[in-house]
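What you see below is based on every heavy atom in this structure, not just the backbone, and it leaves out hydrogens, waters and symmetry mates. Numbered from 1 within each chain, the chains take letters A, B, ... in sequence-line order.
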There are 2 protein chains.
Amino acid sequence: MIFYDYWRSSAAFRVRICLSLKGLSVERRFVSLLRGEQMGAVYRSKNPQALVPALELDDGSVLTQSLAIIEYLESAFPRPALIPADPILAARARAVALSIACDIHPLGNLRVAEYLGRELQLGHDRVAAWRRHWIASGMTALEAMIAPAPFCLGAEPTIADACLAPQIYSAERFGVSLAAFPRIRAVAEVYAAHPAIVAAHPSAQPDAAQTAPAP
Amino acid sequence: MIFYDYWRSSAAFRVRICLSLKGLSVERRFVSLLRGEQMGAVYRSKNPQALVPALELDDGSVLTQSLAIIEYLESAFPRPALIPADPILAARARAVALSIACDIHPLGNLRVAEYLGRELQLGHDRVAAWRRHWIASGMTALEAMIAPAPFCLGAEPTIADACLAPQIYSAERFGVSLAAFPRIRAVAEVYAAHPAIVAAHPSAQPDAAQTAPAP
């Protein structure tokens with residue numbers, strides 16, 4: 001399997017966590033969002049959305065969308081399970097994941113920040129305030145949706161944790177305080193001490209050495 | 001089961017399609033986004049995100065996030081299947097669904113439009129252009145991701161169709177032409193003639209009678 005990755009992509013970070021938790025090794029190709037490599041014709045032929053991540057299977061199929069990739073990994077490599085067997089718990093884990101993947105992350109990602117700056121002529125401060133607004137309001141809801149024990153929803157990490165760890169990284173990066181979110185702070189500490197999650201962290205990736213301004 | 005619904009919510013429309021395709025009947029409660037009922041304390045105690053839809057099960061569990069609800073329905077009521085049994089086809093169907101649910105819909109929904117108008121002081125025309133931009137760019141990718149036969153990805157409707165039909169409704173509502181998207185136009189015609197999808201359409205819902213300005 002070939003994994004198309006970018007160190008600072010929240011969506012790629014989610015899949016890295018799942019690969020790491022399941023102990024899977026993949027060939028990695030780095031798609032620099034900073035240099036706009038996701039817009040190149042070769043990559044777009046693999047992922048028409050021009051977003052990372054993507055996972056190319058050995059038969060040449062290319063899977064896109066981080067949560068669809070994670071669901072695929074769950075069916076192809078079921079152990080350890082990252083989606084609870086109980087359907088109601090599974091729905092809760094997916095709801096946490098989706099509340100991040102749908103209602104927080106897309107509002108602050110690179111292409112949206114660029115549109116706000118370029119098309120709407122918003123200055124850096126207002127783009128930063130926009131990002132913080134959606135992260136903070138999303139985290140307020142998340143704080144009510146999780147029940148650390150010690151992971152988001154129980155004793156083992158799930159797809160919810162695979163999404164929350166990158167969201168916490170993003171909150172810190174964009175200056176959103178976690179002071180009002182004691183449950184999220186508690187799981188953040190658990191993530192920071194968990195080897196498989198630490199190994200997937202942006203700062204631990206080979207392409208993190210890029211020193212140009214953050215996208 | 002109690003379904004918390006709003007006629008014009010794209011996310012609620014997705015779940016209505018799945019309920020309809022599976023022939024499930026639910027008790028319905030209408031949460032008027034127009035009147036801000038989703039912000040009330042009673043509803044927020046059920047869904048901390050203050051978004052529709054939500055599905056309350058007979059044991060009192062409340063499921064949120066349209067795609068998590070659909071995955072639950074798929075495990076609890078597996079026939080007809082809305083997620084292909086083949087893991088790669090399932091990943092493709094989920095990727096179409098997620099490209100809509102993550103990368104198109106959240107950027108144009110009511111709370112975002114309100115923020116653009118109220119906080120960023122953008123006029124109606126610029127908010128409309130913002131919505132059209134994300135719908136059109138998302139649909140450009142979708143056009144490459146689907147293969148009508150005659151549904152999005154094959155002979156039977158899947159979770160991808162449950163997301164695309166509402167997105168087409170939204171494109172029409174916000175003035176995005178489908179002229180450049182022949183595949184999407186082809187499935188739109190199929191949806192318009194499919195009784196279960198027609199029954200789930202916003203215009204067919206009991207709460208569609210509200211005559212105040214559209215949110």
List the atom of [X], the atom of [Y], and the distance in Å for their closest heavy-atom pair.
| X | Y | result |
| --- | --- | --- |
| B:C102 | A:C102 | SG-SG, 3.5 Å |
| B:A68 | A:A95 | CB-N, 3.8 Å |
| A:P106 | B:L107 | O-CD2, 3.9 Å |
| B:S75 | A:P87 | OG-CB, 3.8 Å |
| B:Q49 | A:D103 | NE2-OD2, 3.3 Å |

Please flag which part of [X] lies under 4.5 Å from any non-hydrogen atom of chain A: side chain, backbone, both or neither.
| X | value |
| --- | --- |
| B:L63 | side chain |
| B:S66 | neither |
| B:L122 | side chain |
| B:L120 | both |
| B:A76 | neither |

Contact part of [X] toward chain B, heavy-atom cut-off under 4.5 Å: side chain, backbone, both or neither?
| X | result |
| --- | --- |
| A:R111 | both |
| A:L116 | side chain |
| A:W130 | both |
| A:T140 | neither |
| A:E119 | backbone |
| A:A90 | neither |
| A:N47 | neither |
| A:V112 | both |
| A:A91 | both |

Check: If you tally heavy-atom pairs under 4.5 Å against chain B, which of A:E143, A:R126, A:R92 wins?
Finding: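 When all of A:E143, A:R126, A:R92 are compared, A:R126 has the most.
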Check: Between B:L67 and A:R94, does a side chain to side chain contact (heavy atoms under 4.5 Å, CB included) hold up when you go through it step by step?
Finding: CA-CA 8 Å; B:L67 297 186; A:R94 288 192 176 103; over 6 Å; no
Note to self: Tell me whether the rings of A:H133 and B:Y115 are parallel (<30°), tilted (30 to 60°) or perpendicular (>60°).
What the structure shows: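 Plane angle between 30° and 60°, so tilted.
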Checklist line | Between OG1 on residue A:T64 and CE on residue B:M145, distance to nearest 0.5 Å | finding: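 So the OG1 of A:T64 and the CE of B:M145 are separated by 4.0 Å.
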Checklist line | Pairwise distance OG(B:S99) to CG(A:L51) - rounded to 0.5 angstrom | finding: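 With rounding to 0.5 Å, OG (B:S99) is 9.5 Å from CG (A:L51).
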